[in-house]
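Notes to accompany the following structure.
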Amino acid sequence: CDWSSDVCSSDLFTKLEKEGVPGSPALWQWSRFIIRKDLERELKKVLKEKEWTPVDFEKAFGREGQPEVSFTTSAGTFRLEGFMDRVDLKDDGKSLRVVDYKSGTKEGFKNDSVKEGTKIQMPLYLWACRTLYPGKAPEQAVYEFLTAKGGYGETTFDAKDPAKVEEPLKALLATAAEAVEQGLFPAAAKACERCDYRTLCGPGAEKRGERKKEDQKVGNYFKLEELP
């Protein structure tokens, strides 16, 4: 596609219009303008990049017809599934970077963080790269925020230390398997103010969540809060 002449984005917009996706015509006109500007901004950024070159887009794994990726813990071996927005190769020909695009806000995202096991996406992708690209070393993952809502910023996850990738996956997968086997799914009550289902828990959910931490049966569950 010739992005400089807007041919590619125009074709995509036309396809969406034929499918009846847009709503209000006036709002759609404004959305088209904003989306096109954001895409152009990202394209220019990628073209200026000297150290890294994209080699794959929407790289899938674990799905039908795609390479299998597994991860073994004390609780067993897990088959992982997903797809990566973009994979870059460094100019040394040996190192990889995973880029995940975000259209929302940067709130809750920090460098080198899995946010107590709630943002495990990057370690999962970096682990998958070991299987998908033999002979290459996953070096870094990046959340790239494409819109003004996210300030056109980014947060990074440094993978030079393999333990930073492996330890969060071990903790989360083993704990999840234990919870499923025992039927233990305690409400941590960590983000009640943003939860769409808060009314189902009723009043006092936060206090109940705090008291639940004293229950030894779910000790491993709440240990996930120790993850950076």
Side-chain angles (χ1 to χ4, degrees), residues 42 46 52-90 94-146 150 153-181 184-185 188 190-191 194 218 220-228:
E42 175 62 17
V46 172
W52 297 93
T53 301
V55 292
D56 268 317
F57 295 91
E58 297 190 345
K59 179 67 174 179
F61 58 92
R63 302 183 179 186
E64 186 176 354
Q66 302 296 336
E68 290 191 3
V69 175
S70 62
F71 188 87
T72 300
T73 75
S74 59
T77 298
F78 297 82
R79 184 177 64 84
L80 306 181
E81 178 181 314
F83 68 89
M84 297 174 277
D85 288 340
R86 195 178 98 208
V87 180
D88 297 344
L89 181 65
K90 200 173 184 179
K94 302 176 182 178
S95 305
L96 296 171
R97 176 177 71 176
V98 178
V99 179
D100 189 72
Y101 293 125
K102 299 295 182 186
S103 59
T105 174
K106 281 183 67 178
E107 183 181 356
F109 290 85
K110 297 189 298 183
N111 289 339
D112 298 316
S113 172
V114 295
K115 198 182 179 185
E116 302 175 1
T118 63
K119 296 189 182 302
I120 207 72
Q121 194 173 8
M122 287 316 193
L124 189 153
Y125 288 167
L126 290 163
W127 176 264
C129 282
R130 299 186 188 185
T131 298
L132 301 175
Y133 303 93
K136 302 291 189 294
E139 180 178 301
Q140 185 186 71
V142 179
Y143 285 118
E144 198 159 300
F145 298 85
L146 297 178
E154 64 180 37
T155 59
T156 60
F157 190 94
D158 187 346
K160 292 187 181 71
D161 179 3
K164 287 182 62 177
V165 174
E166 296 174 22
E167 293 307 317
L169 286 175
K170 285 181 182 178
L172 183 65
L173 293 175
T175 302
E178 180 183 78
V180 171
E181 183 176 348
L184 296 173
F185 301 98
K190 296 280 291 185
R194 300 192 301 274
V218 291
N220 289 335
Y221 183 92
F222 284 103
K223 277 185 180 179
L224 294 175
E225 295 181 353
E226 298 174 8
L227 294 174

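Model, not experiment: these values are computed from the prediction.
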Please give me the minimum heavy-atom distance between [X] and [Y], naming the atom from each residue.
| X | Y | result |
| --- | --- | --- |
| A60 | P67 | O-CD, 4.1 Å |
| S70 | W127 | O-NE1, 2.8 Å |
| A163 | P168 | O-CD, 3.9 Å |
| A128 | V69 | CA-CG1, 3.8 Å |
| V46 | P54 | CG1-CG, 3.8 Å |
| G62 | Q66 | N-CB, 4.1 Å |

Validation row: [X], [Y] side chains within 4.5 angstrom (heavy atoms):
| X | Y | answer |
| --- | --- | --- |
| F78 | L169 | no |
| E58 | M84 | no |
| R97 | R86 | yes |
| F71 | L173 | yes |
| D88 | T53 | no |

Item checked: Salt bridge D100-K102, side-chain N to carboxylate O under 4.0 Å ->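 Salt bridge: yes.
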
Note to self: Could you check whether K164 pairs with D158 (Lys NZ or Arg NE/NH1/NH2 to Asp/Glu carboxylate O, under 4.0 Å)?
What the structure shows: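 Result for this pair is no, no salt bridge flagged.
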
Notebook entry, point to check: Between R130 and V165, is a side-chain contact (heavy atoms from CB on, under 4.5 Å) present by the stated rule, with each step listed?
Noted result: CA-CA 11 Å; R130 299 186 188 185; V165 174; 4.2 Å; yes

Let me confirm one number: the [atom1]-[atom2] distance from [X] to [Y], rounded to the nearest 0.5 Å.
| X | Y | atom1 | atom2 | answer |
| --- | --- | --- | --- | --- |
| D56 | Y133 | CG | OH | 3.5 Å |
| D85 | F57 | CG | CZ | 10.0 Å |
| L124 | E81 | CG | CD | 10.5 Å |
| T155 | E144 | OG1 | CD | 10.0 Å |
| E178 | L184 | CD | CG | 7.5 Å |
| F61 | E68 | CZ | CD | 12.0 Å |

Notebook entry, point to check: Hey, does the Lys NZ or Arg CZ of K119 hover above the aromatic six-ring of F157, less than 6.0 Å from the centre and inside 45° of the axis?
Noted result: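 So K119 doesn't make the cation-pi contact.
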
Item checked: Within 6.0 angstrom of E225 CD, more than 12 heavy atoms from elsewhere ->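 Yes, enclosed.
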
Checklist line | side chain to side chain contact (heavy atoms under 4.5 Å, CB included), paired with Y125, selected from V98, L132, V99 | finding: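 Output: one option passes, namely V98.
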
Item checked: side chain to side chain donor-acceptor pair (under 3.5 Å), paired with S95, selected from K160, E139, K90 ->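 Only match with S95 under side chain to side chain donor-acceptor pair (under 3.5 Å): E139.
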
Notebook entry, point to check: So F83 and R63, side-chain contact (heavy atoms from CB on, under 4.5 Å) or not? Walk me through it.
Noted result: CA-CA 9 Å; F83 68 89; R63 302 183 179 186; 3.5 Å; yes

